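Only one structure is covered here, and it is reproduced in the block below.
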Amino acid sequence: MSEHTFATLVRQWYAEHARDLPWRKPDVGPWAILVSEVMLQQTPVARVVPAWAAWLVRWPEPADLAADTPAEAIRMWGRLGYPRRAVRLRDCAVAIVERHGGRVPDRLEQLLALPGVGTYTARAVAAFAYGQRHPVVDTNVRRVVCRAVAGEPDAGPATRPADLVATEALLPVEPAAAALTSAAIMELGALVCTARSPRCGTCPVESICAWRASGQAVPAGPTRRPQRYAGTDRQVRGLLLGVLREATGPVPHQRLDQVWADDVQRSRALSGLIQDGLVEPVGGSSFRLVGDGPPVPVLP
DNA sequence: AACCCGTGGTG
DNA sequence: TCACCAAGGGT
């Protein structure tokens, strides 16, 4: 298969079928791109769209978020899930102010050093916000490349160096075209080459797809461990945080006690929230979102 | 490396 | 219906 052909076909398909997502518009800056990427970590696009817009209205630049409390970040995060990301995003804003003068850095190494920014997000920002030529490999890209190029059923549990190498080989030399190609492959994985029921009939690379040619083998075992939720600490954390999020300021522990009957598990969940920087004890028997409280009166 | 971390839509 | 899972990161 020709790498050039693959990239060209996918880009042509993208030009016609790409979703009109707000963070793909021309004048969207690096900070807005970064916020979108963090929100999209394990949260579906449809739920991110409105949250992203509201977030940027309130905090148009990293310094704006850095100056506000973790509590407000957690509230604004709403119900996107994994609220640790809200705290890390604020930590990230603080780091951008302290290390980079309030501007989102453009070097991969600097991006990777930011809180909540890993292999995928760093590359996504470098490519989509700054037009650099880096392979951007998320679960969609991994699946597409694994299938189309290697002809294998599916990718491994996490991004590996080999995935970056395989994807890099598909990218055109010109940086802007490479970034566009990455976005296009990602979109193809999201809309056509999906995990569960791929729509090969509408796929632009069906004729050169190694997986299609080999009969679309199905993964041998379960791709990953099933996510369980009901009855777990995660559910209890979610319930506790829900109460704290709706309250203003400290909440007496008695009110938190009502969300879950098992004392041991509830305590463990609360400790976890404190450990993660989401919640803090106040006055011995109450708890609040970190930094939450009445506004500081402005002195005359 | 394996496991933990939320939430809500859906086939 | 309910198991599955969606632009990952941290430890």
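Here is how names work: the chains are called A, B, and so on, in the same order as the sequence lines, proteins then strands, and each is numbered from 1. Everything quoted here is computed from the prediction, not taken from an experiment.
Interface remark: the A:Thr159 side chain does not form any donor-acceptor pair with the C:dG8 base, using a distance-only criterion of under 3.5 Å.
Distance CZ (A:Arg75) to P (B:dG6): 17 Å, rounded to an integer number of Å. Whole-Å rounding puts the A:Leu80 CG to C:dA7 P distance at 15 Å. Per the geometry, CE belonging to A:Met39 stands 16 Å off P belonging to B:dG6, to the nearest Å. For the pair A:Glu37 CD and C:dA7 C1', the interatomic distance rounds to 6 Å; values are reported in whole Å. Here C:dG8 presents its C1' atom at 14 Å from CG of A:Asp163, a figure rounded to the nearest Å. A:Trp77 places its CH2 atom 12 Å from the C1' atom of C:dG9, with the value rounded to the nearest Å. Protein atom OH of A:Tyr82 is 13 Å distant from nucleotide atom P of C:dC5, rounded to whole Å. Rounded to whole Å, atom C1' of B:dC5 lies 10 Å from atom CG of A:Leu273.
Within the structure, salt bridge (charged side-chain N to carboxylate O under 4.0 Å, His left out) contacts touching residues 105-117 of chain A (residues at least two apart or in different chains) are A:Arg107-A:Glu109.
Here A:Gln42 reaches the OP1 or OP2 of C:dG8: one of its side-chain N or O atoms lies under 4.0 Å away. Considering only side-chain N and O atoms, A:Tyr229 lies under 4.0 angstrom from the phosphate OP1 or OP2 of B:dT7. The side chain of A:Arg268 places no N or O atom within less than 4.0 Å of a non-bridging phosphate oxygen (OP1 or OP2) of B:dC4.
Take the nearest nucleotide of DNA chain B for A:Ser197 and for A:Leu278: the residue whose nucleotide is more 5' is A:Leu278. Sequence order on DNA chain B of the closest nucleotides to A:Asp233 and A:Arg79 puts A:Asp233 first from the 5' end.
Within the 4.5 Å cutoff, the side chain of A:Thr69 has no heavy atoms near those of the A:Asp292 side chain. Looking at heavy atoms from C-beta onward, A:Gln216 lies out of side-chain contact with A:Arg147 at the 4.5 angstrom threshold.
Using a 4.0 Å cut-off on heavy atoms, the residues of residues 109-120 of chain A that approach DNA chain C are A:Pro115, A:Gly116, A:Val117, A:Gly118, A:Thr119, A:Tyr120, listed by number. Within a heavy-atom distance below 4.0 Å of DNA chain C, the residues of residues 125-142 of chain A found are A:Asp138, A:Thr139, A:Asn140. For residues 234-244 of chain A, proximity to DNA chain B is found at A:Arg234, A:Arg237, A:Gly238, defined as any non-hydrogen atom under 4.0 angstrom from a strand atom. Proximity of residues 83-91 of chain A to DNA chain C (heavy atom under 4.0 angstrom from any strand atom) is restricted to A:Arg84, A:Arg88.
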Take A:Asp91 and A:Arg88, measure what salt bridge (Lys or Arg N to Asp or Glu O under 4.0 Å) needs, and give me the verdict at the end.
CA-CA 5 Å; A:Asp91 291 342; A:Arg88 290 211 185 100; over 6 Å; no

Might you work through the side-chain hydrogen bond (donor to acceptor under 3.5 Å, both in side chains) test for A:Arg85 and A:Thr43, ending with a clear yes or no?
CA-CA 11 Å; A:Arg85 290 183 292 161; A:Thr43 301; 2.7 Å; yes

Under the salt bridge (Lys or Arg N to Asp or Glu O under 4.0 Å) rule, what do A:Arg268 and A:Asp233 come out as? Steps first, then yes or no, please.
CA-CA 8 Å; A:Arg268 188 172 62 232; A:Asp233 286 5; 2.7 Å; yes

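Across all strands shown, A:Arg160 has no heavy atoms under 4.0 Å from either base or sugar-phosphate atoms. If you check every strand for non-hydrogen atoms under 4.0 Å, A:Trp23 touches a base. Contact annotation for A:Ser36: no contact, since no heavy-atom pair falls under 4.0 Å across all strands.
A side-chain donor-acceptor contact under 3.5 Å links A:Thr202 to the backbone of A:Arg199. In this structure a side-chain-to-backbone donor-acceptor pair under 3.5 Å is present from A:Arg47 to A:Arg79. Judged by distance alone, the side chain of A:Ser214 and the main-chain N or O of A:Trp211 form a donor-acceptor pair under 3.5 Å. Side chain of A:Arg288 to backbone of A:Ala71: no donor-acceptor contact under 3.5 angstrom is found.
In the set C:dA6, C:dG9, C:dA7, C:dG9 carries the atom at the smallest distance from any side-chain atom of A:Thr121.
Residues forming a side chain to side chain contact (heavy atoms under 4.5 Å, CB included) with A:Ala95 (at least two apart in sequence, or on another chain): A:Arg99, A:Leu114, A:Pro115.
Taking the P atom of each, C:dT11 and B:dG6 are spaced 14 Å apart, rounded to whole Å. Separation of the P atoms belonging to B:dC4 and C:dA7 is 23 Å when rounded to the nearest angstrom.
Judged by distance alone, the side chains of A:Glu37 and A:Tyr120 do bring a donor and an acceptor atom under 3.5 Å apart.
When all heavy atoms of A:Arg266 and A:Leu256 are compared, the pair lying nearest together is CD-O, 3.4 Å. A:Arg234 and A:Tyr82 make their closest contact through NH2-OH, 3.0 Å (heavy atoms, listed as atom of the first residue, atom of the second, distance).
Between A:Trp55 and A:Trp59, the two ring planes are perpendicular [angle over 60°; tilted spans 30° to 60°].
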